[in-house]
Each structure stands twice: as structure tokens, then as C-alpha cells.
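In this chain, numbering begins with 1 at the start of the sequence shown. Note that the structure is predicted; figures quoted are calculated from it, not measured. Side chains are part of it too, since the values below use all heavy atoms of this structure and drop only hydrogens, waters and symmetry mates.
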Amino acid sequence: MTVLDNGTQGASAAPALAFYGKMLTFSRLEFGTDDLSAIEAQLAATLSGKSSNIPVLIDSEVEQDLSALVELLWSWGLQPIGVVTGLLDAQARELRLAIFPADGKRIERILPTKKPATQRQQFTADQPAESSAASNPEDNAATDSTATTETTLADVAAETLVSAEQITSLIYDQMLRSGQSLNHVGGDLILTNSVNSGAEAITDNSLHVYGRAQGRLVAGATGDKDARIFCQVFNPSLVSVAGTYCLRDNLPEHVIDKSVQVRFVEGEGLVFTVMDDV
């Protein structure tokens with residue numbers, strides 16, 4: 001889980017690195033041939049120039065000379081950043097390109113190789129952010145490592161958390177303010193307060209907001225099409241499930257400020273259901 005507050009500057013030294021989530025848009029190029037001449041001809045017919053600088057994912061149903069294909073795409077102003085997992089995985093590793101999961105598959109969590117020393121942890125406005133679900137190693141030894149637990153957080157400054165041992169659902173009790181980004185990997189994200197305009201809440205599982213839901217709401221961030229969004233008062237600037245998104249201007253009017261469930265349905269896209277009507 002990561003919480004970022006763009007307006008907060010910590011007094012202590014910044015960590016060397018931090019994992020956090022951010023929604024980015026990439027175009028996906030699907031290839032049905034390895035004929036580079038045919039590919040270039042279609043690029044010439046599709047692109048208006050060679051200066052688009054569009055990041056793209058390569059998704060191929062046939063074997064490719066990936067190095068040559070990457071060079072061709074760069075020559076047309078496209079920026080290949082990775083491949084969709086499949087036939088090109090081995091070549092992608094050699095070229096140090098990212099390998100993205102196929103549709104509906106989830107990215108594995110990044111866990112440390114060694115368990116950190118466990119300690120009881122709690123968030124306050126003046127203390128470092130820690131996890132209240134941690135306990136003594138002796139207690140954890142009797143617990144199934146695959147068990148789902150819940151972590152409760154109080155007020156959060158700019159802190160980064162990585163759950164090291166278990167898949168966790170996260171309960172966040174404070175209002176998510178404009179400029180803050182709350183990202184949780186490995187379980188549902190449950191917000192008992194509101195998400196203000198200009199804030200964002202992101203999870204790879206389902207998202208629950210029991211206050212007023214504004215800002216950017218993202219569930220299934222790594223491709224889980226079974227993820228859902230549940231809101232008590234629904235009025236976001238953007239809502240997304242499994243990479244399919246809808247902006248505020250395109251939301252159905254009858255769901256605004258209602259208790260709403262959002263889910264992804266194959267062939268239909270996002271489906272909005274007023275829960276009072278269920």
C-alpha cells in the first residue's frame with residue numbers, strides 16, 4: 001500500500017525508492033504477421049508522421065524478430081515499453097522490455113526476500129506509518145500464510161507500506177484529501193470516509209467507499225475483471241475497473257450521488273447499478 005501526499009514534505013530523509021500506483025494510458029499494438037514491410041506499410045497509412053512519441057505495448061499472435069520490430073516502431077516515433085506475455089517473452093527479457101500480463105491476469109506482488117522484523121504498528125499524524133496487523137513472529141508462525149487479514153490505518157502523511165507476509169485488505173479511516181493518492185496491492189481497499197475531488201484511490205482488488213466518492217476511483221488495477229467498486233455517494237471524476245474507465249461527463253445521470261456498484265462485463269464495458277434498486 002502506498003499513500004502519497006503531494007503537498008506534504010517529510011522532515012526525514014526520503015527513502016531510496018518507493019513502489020506506488022498511478023494510472024497511465026498505453027496504446028496496444030496487435031500484430032498478426034511478422035512481415036515488417038506489411039507492418040511498416042500499415043504504420044505509414046495509420047500515422048500522420050513520425051513524431052507521435054506514443055508509448056505502446058506489443059501484442060503478437062505470431063513469432064517476431066522483436067529487436068527488428070522495436071527498431072521499426074521507434075523509427076515511426078512509437079515507444080515500445082514492453083510485450084503482452086506470450087510468444088515474445090524470451091526475446092523481451094533479452095532486450096530488457098517489460099512483460100505485461102494477458103487480459104484478466106494479475107501481476108504478482110513484489111515481496112522482500114527476507115521477512116522484516118515484525119512489530120505492532122499504528123498510524124498517527126505525527127508518527128511513522130506502520131501496519132497494525134503485524135504481531136510477534138511466534139504468533140505469526142501459527143497462522144496460515146495465505147490467510148486474508150485486515151489492516152486498519154489512521155491519519156497518513158507521505159508514507160510507503162509494503163505488506164510483506166500476507167494478502168491483506170486495507171481499511172483507511174481518514175478522509176482522502178485533494179492531492180493524495182492511496183494505492184493498495186493484494187486485497188480490497190475499504191475507505192470509511194470520503195474521497196475528495198483531486199484525490200485518487202487505487203487497488204488491484206475491489207474498492208469500497210463509505211463516504212462521498214469523488215476524485216479518481218480505480219479497482220482491478222492489474223487486470224482483475226472480477227473486481228468491483230462500491231460507493232455510498234457516487235460522484236467521481238473518473239472510475240475504472242480492470243483498465244476500462246469512464247470520465248465524469250460520461251457517467252449515467254441516474255447514478256450520480258446514489259449508492260452505486262460498478263463492475264466490468266465482457267462485451268458491455270462498465271455497468272453501473274444503483275444499489276437501492278437492487
Side-chain angles (χ1 to χ4, degrees), residues 19-110 183 185-186 202-207 216-229 238-247 249-252 262-272:
F19 287 102
Y20 67 96
K22 195 74 174 178
M23 283 194 64
L24 300 172
T25 300
F26 302 119
S27 295
R28 179 160 148 177
L29 293 181
E30 296 184 349
F31 295 93
T33 179
D34 61 353
D35 186 342
L36 295 181
S37 297
I39 293 171
E40 183 166 24
Q42 188 158 350
L43 288 173
T46 304
L47 301 176
S48 58
K50 296 186 176 183
S51 58
S52 60
N53 296 320
I54 300 173
V56 296
L57 300 181
I58 296 172
D59 184 5
S60 181
E61 299 176 353
V62 298
E63 284 284 359
Q64 300 280 351
D65 181 343
L66 187 57
S67 178
L69 179 59
V70 166
E71 289 298 323
L72 175 61
L73 296 177
W74 272 103
S75 73
W76 277 90
L78 302 176
Q79 300 180 17
I81 61 170
V83 303
V84 176
T85 187
L87 297 173
L88 304 180
D89 288 8
Q91 293 185 72
R93 291 189 182 95
E94 292 179 1
L95 295 173
R96 299 294 191 265
L97 291 175
I99 299 174
F100 288 78
D103 289 341
K105 302 297 182 182
R106 297 175 60 187
I107 297 174
E108 294 297 324
R109 302 175 60 210
I110 299 175
N183 182 71
V185 176
I202 304 172
T203 178
D204 62 342
N205 281 25
S206 293
L207 174 64
R216 295 156 61 96
L217 311 176
V218 180
T222 56
D224 185 357
K225 295 181 179 180
D226 293 325
R228 301 189 182 195
I229 296 176
L238 175 145
V239 60
S240 172
V241 177
T244 298
Y245 68 91
C246 182
L247 298 176
D249 292 344
N250 296 322
L251 293 175
V262 186
R263 58 195 173 96
F264 175 82
V265 176
E266 197 72 51
E268 297 183 36
L270 297 184
V271 175
F272 302 84

Item checked: Listed partners of Val271 passing side-chain contact (heavy atoms from CB on, under 4.5 Å), at least two apart -> Arg263, Val265, Glu268, Thr273
Note to self: Ignoring hydrogens, what is the shortest heavy-atom contact between Val241 and Phe264? Give both atom names and the distance.
What the structure shows: CG1-CB, 3.9 Å
Check: Can you tell me how far the CG atom of Asp226 sits from the OG atom of Ser206, to the nearest 0.5 Å?
Finding: 8.5 Å
Margin query: To check you understand the geometry: which heavy-atom pair defines the closest contact between Gly82 and Phe100, and what is its length?
Written below: CA-CE1, 4.2 Å
Next item on the list: State whether the side chain of Asp204 and the backbone N or O of Gly186 hold a donor-acceptor pair below 3.5 Å, judged by distance alone.
Entry: yes
Note to self: Which residue in the set Ile229, Leu207, Ile202, Val239 passes side-chain contact (heavy atoms from CB on, under 4.5 Å) when paired with Val218?
What the structure shows: Ile202
Item checked: Inter-residue atom distance Gln79.CD - Asn53.CG, 0.5 Å rounding -> 5.0 Å
Item checked: Considering all heavy atoms, the nearest Asp35-Thr33 contact -> N-OG1, 3.0 Å
Note to self: I'd like to check Ser60 versus Leu87 (side-chain heavy atoms, cut-off strictly below 4.5 Å). Are they in contact?
What the structure shows: no
Indicate every side-chain donor-acceptor pair of residues 70-78 with a distance under 3.5 Å to a residue at least two apart or in another chain.
residue, atom, partner, partner atom, Å
Ser75, OG, Leu72, O, 2.5
Trp76, NE1, Glu40, OE2, 3.2

Notebook entry, point to check: Excluding sequence neighbours, so at least two apart, what forms side-chain contact (heavy atoms from CB on, under 4.5 Å) with Asp89?
Noted result: Val83, Thr85, Arg93, Ile99
Notebook entry, point to check: In Å and rounded to the nearest 0.5 Å, what is the CG to SG distance from Leu238 to Cys246?
Noted result: 8.0 Å
Next item on the list: Could you pull out the closest heavy-atom pair between Gln91 and Ser67, with the gap in Å?
Entry: OE1-N, 4.4 Å
Notebook entry, point to check: Quick one: salt bridge (charged side-chain N to carboxylate O under 4.0 Å, His left out) pairs with a partner in residues 52-62, sequence neighbours left out?
Noted result: Arg28-Asp59
Check: With side chains defined as the heavy atoms from C-beta onward, is the minimum distance between Leu88 and Leu97 less than 4.5 Å?
Finding: no
Margin query: Using 0.5 Å steps for rounding, measure from the CD1 atom of Ile81 to the CD1 atom of Ile54.
Written below: 12.5 Å
Check: How would you list, by chain and number, every residue that makes a salt bridge (charged side-chain N to carboxylate O under 4.0 Å, His left out) with Glu266, sequence neighbours excluded?
Finding: Lys225
Note to self: Please give me the minimum heavy-atom distance between Ala242 and Asp224, naming the atom from each residue.
What the structure shows: CB-O, 3.7 Å
Checklist line | Spatial distance of atom CD (Glu94) from atom CG (Leu66) [nearest 0.5 Å] | finding: 9.5 Å
Check: In chain order, what residues pass the side-chain contact (heavy atoms from CB on, under 4.5 Å) check against Gln42, with sequence neighbours excluded?
Finding: Thr46
Check: Going from CG on Leu36 to CG on Asp34, what distance comes out if it is rounded to the nearest 0.5 angstrom?
Finding: 7.5 Å
